[in-house]
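Here the structure is laid out as structure tokens; the discussion comes afterwards.
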2 protein chains.
Amino acid sequence: MEQLRETLKGHHLRTTTCREDVLSTFMNRKNALSHGDLEGALGENYDRVTIYRTLKTFLEKGIIHKVLDDEGLRYALCSHQCSEEKHQHDHIHFKCNECGKTNCLENLHIPNVALPTGYQPESFNLLIQGKCPECLAN
Amino acid sequence: MEQLRETLKGHHLRTTTCREDVLSTFMNRKNALSHGDLEGALGENYDRVTIYRTLKTFLEKGIIHKVLDDEGLRYALCSHQCSEEKHQHDHIHFKCNECGKTNCLENLHIPNVALPTGYQPESFNLLIQGKCPECLAN
DNA sequence: GTATTATATGCAACGATGTTGCAGTGTATT
DNA sequence: AATACACTGCAACATCGTTGCATATAATAC
């Protein structure tokens, strides 16, 4: 639980119960979460708006990053220490079509792509959809 | 303009002025369009709901496909003849951070990725963000 | 421990986005 | 031209996300 405070302080944020709860929800569930997921988990304790603002703050401070899938927007913890200044997220996201969960595959890097001349790439976002190990086992 | 009717008929759809206008908007602008873009272009002629339903129908029939970026959901024409039965979209999408336009890079395929054991991939979606040739030229 | 200051929260209200049901209109077919 | 079916517009609603403001809370200084 001290780790939560450490993470928040490390990103120059005040420790509040809402921020601690949102952060620990991200750490307990391993997969990417939408605002709705968090509202479902914490909605009785905190206002919708507060959760929105917490997500926005976490995004700006580099604690979480956006994850896109065909259903919409989710968020996941940044693994390597991201900060307000620098984000680095060229890893792969995998969404299971069976259980619906989206995860970061931290260790896999996105392979190089030879873009046509004139295109200057700055960031990459690869989403793979299919079946995850847990669902294949059943 | 006959081409519009052909495309619609080819996908077993009745030709209506709304569908013709939505389709020609996609063909004239080369980039991916959101519902809001279409409403801005055609909103005075057609009801919001009709445009939503047209997009939904086009999706189901394989005339357009979803394109995701950090701002949300857009749609783009399917190049290779997709149908209700089969969609094939493993090409790359490029979003320009300057002009905000998202395009399909039809000719580029997504390179292979060695997934960890247990993951069964079914579809791939690669979004590259950066600067497009037009914006770099200015 | 208390006072001060800056920040975070809750509430209310609003705007944008997307969906559904139903009556009326238009398209394709005979 | 008549019929059957599909599409459209309207109204109403549900969801999602944002903003302003008063209050509460956390960090800092005393």
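We name chains A, B, ... by the order of the sequence lines, and we start the count at 1 in each one.
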With nearest nucleotide decided by heavy atoms, which residue, B:Leu73 or A:Thr54, maps closer to the 5′ end of DNA chain C? A:Thr54
Taking the side chain as C-beta and beyond, is there a heavy-atom pair between B:Asn112 and A:Pro111 under 4.5 Å? no
Counting C-beta onward and ignoring hydrogens, is there a side-chain heavy-atom pair between A:Leu68 and A:His93 closer than 4.5 Å? no
Rounding to an integer number of Å, can you tell me how far [X] [atom1] sits from [N] [atom2]?
| X | N | atom1 | atom2 | answer |
| --- | --- | --- | --- | --- |
| B:Asp47 | C:dG24 | CG | P | 17 Å |
| A:Leu42 | C:dT9 | CG | C1' | 14 Å |
| B:Leu23 | D:dC7 | CG | P | 15 Å |
| A:Tyr46 | D:dG17 | OH | P | 21 Å |
| B:Leu59 | C:dG18 | CG | C1' | 14 Å |
| A:Glu71 | C:dT19 | CD | P | 13 Å |
| B:Ile51 | D:dT8 | CD1 | P | 10 Å |
| A:Asn45 | D:dT25 | CG | P | 14 Å |

Atom pair [atom1] ([X]) and [atom2] ([Y]), whose distance is rounded to the nearest 0.5 Å:
| X | Y | atom1 | atom2 | value |
| --- | --- | --- | --- | --- |
| A:Phe124 | B:Leu126 | CZ | CG | 7.5 Å |
| A:Arg19 | A:Lys61 | CZ | NZ | 8.5 Å |
| B:Thr54 | B:Asp47 | OG1 | CG | 10.5 Å |
| B:Gln129 | A:Ser123 | CD | OG | 4.5 Å |

If an axis is fit to five pairs at each end of the helix from C:dG1-D:dC30 to C:dT30-D:dA1, what is the angle between the two, to the nearest 10°?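 Here the helix ends are tilted 40° relative to one another.
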Give a yes or no on whether a salt bridge exists between B:Lys95 and B:Glu71, defined as a side-chain N under 4.0 angstrom from a carboxylate O.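 Looking at B:Glu71 together with B:Lys95, the answer is yes, because their closest N to O distance falls below 4.0 Å.
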Side-chain donor-acceptor pair present, B:Asn28, B:Thr25, cut-off under 3.5 Å: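 There is no such pair between these side chains.
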Can you give me the N/O atom pairs linking the protein to nucleotides 18-24 of chain D at distances under 3.5 Å, or say none if there are none?
residue, atom, partner, partner atom, Å
D:dG20, O6, A:Arg53, NH2, 3.4

Are B:Ile128 and B:Leu136 connected in a single hydrophobic cluster, I mean Ile/Leu/Val/Met/Phe/Trp/Tyr linked by side-chain heavy atoms less than 4.5 Å apart? no
Aromatic centroids of A:Phe94 and B:Tyr119 separated by under 6.0 Å: yes
Please list each protein N or O that sits under 3.5 Å from an N or O in nucleotides 5-8 of chain C, with the distance.
residue, atom, partner, partner atom, Å
C:dA6, N3, A:Arg14, NH1, 3.4
C:dT7, O4', A:Arg14, NH1, 3.3
C:dT7, O4', A:Arg14, NH2, 3.4
C:dA8, OP1, A:Arg19, NH1, 3.2
C:dA8, OP1, A:Arg19, NH2, 2.8
C:dA8, O5', A:Arg19, NH2, 3.2

Phosphate-side-chain proximity, B:Thr17 and D:dC7, N/O vs OP1/OP2 below 4.0 Å: no
Ignoring hydrogens and angles, tell me if any N or O in the side chain of B:Asp69 forms a donor-acceptor pair with the backbone of B:Gly72 under 3.5 Å. yes
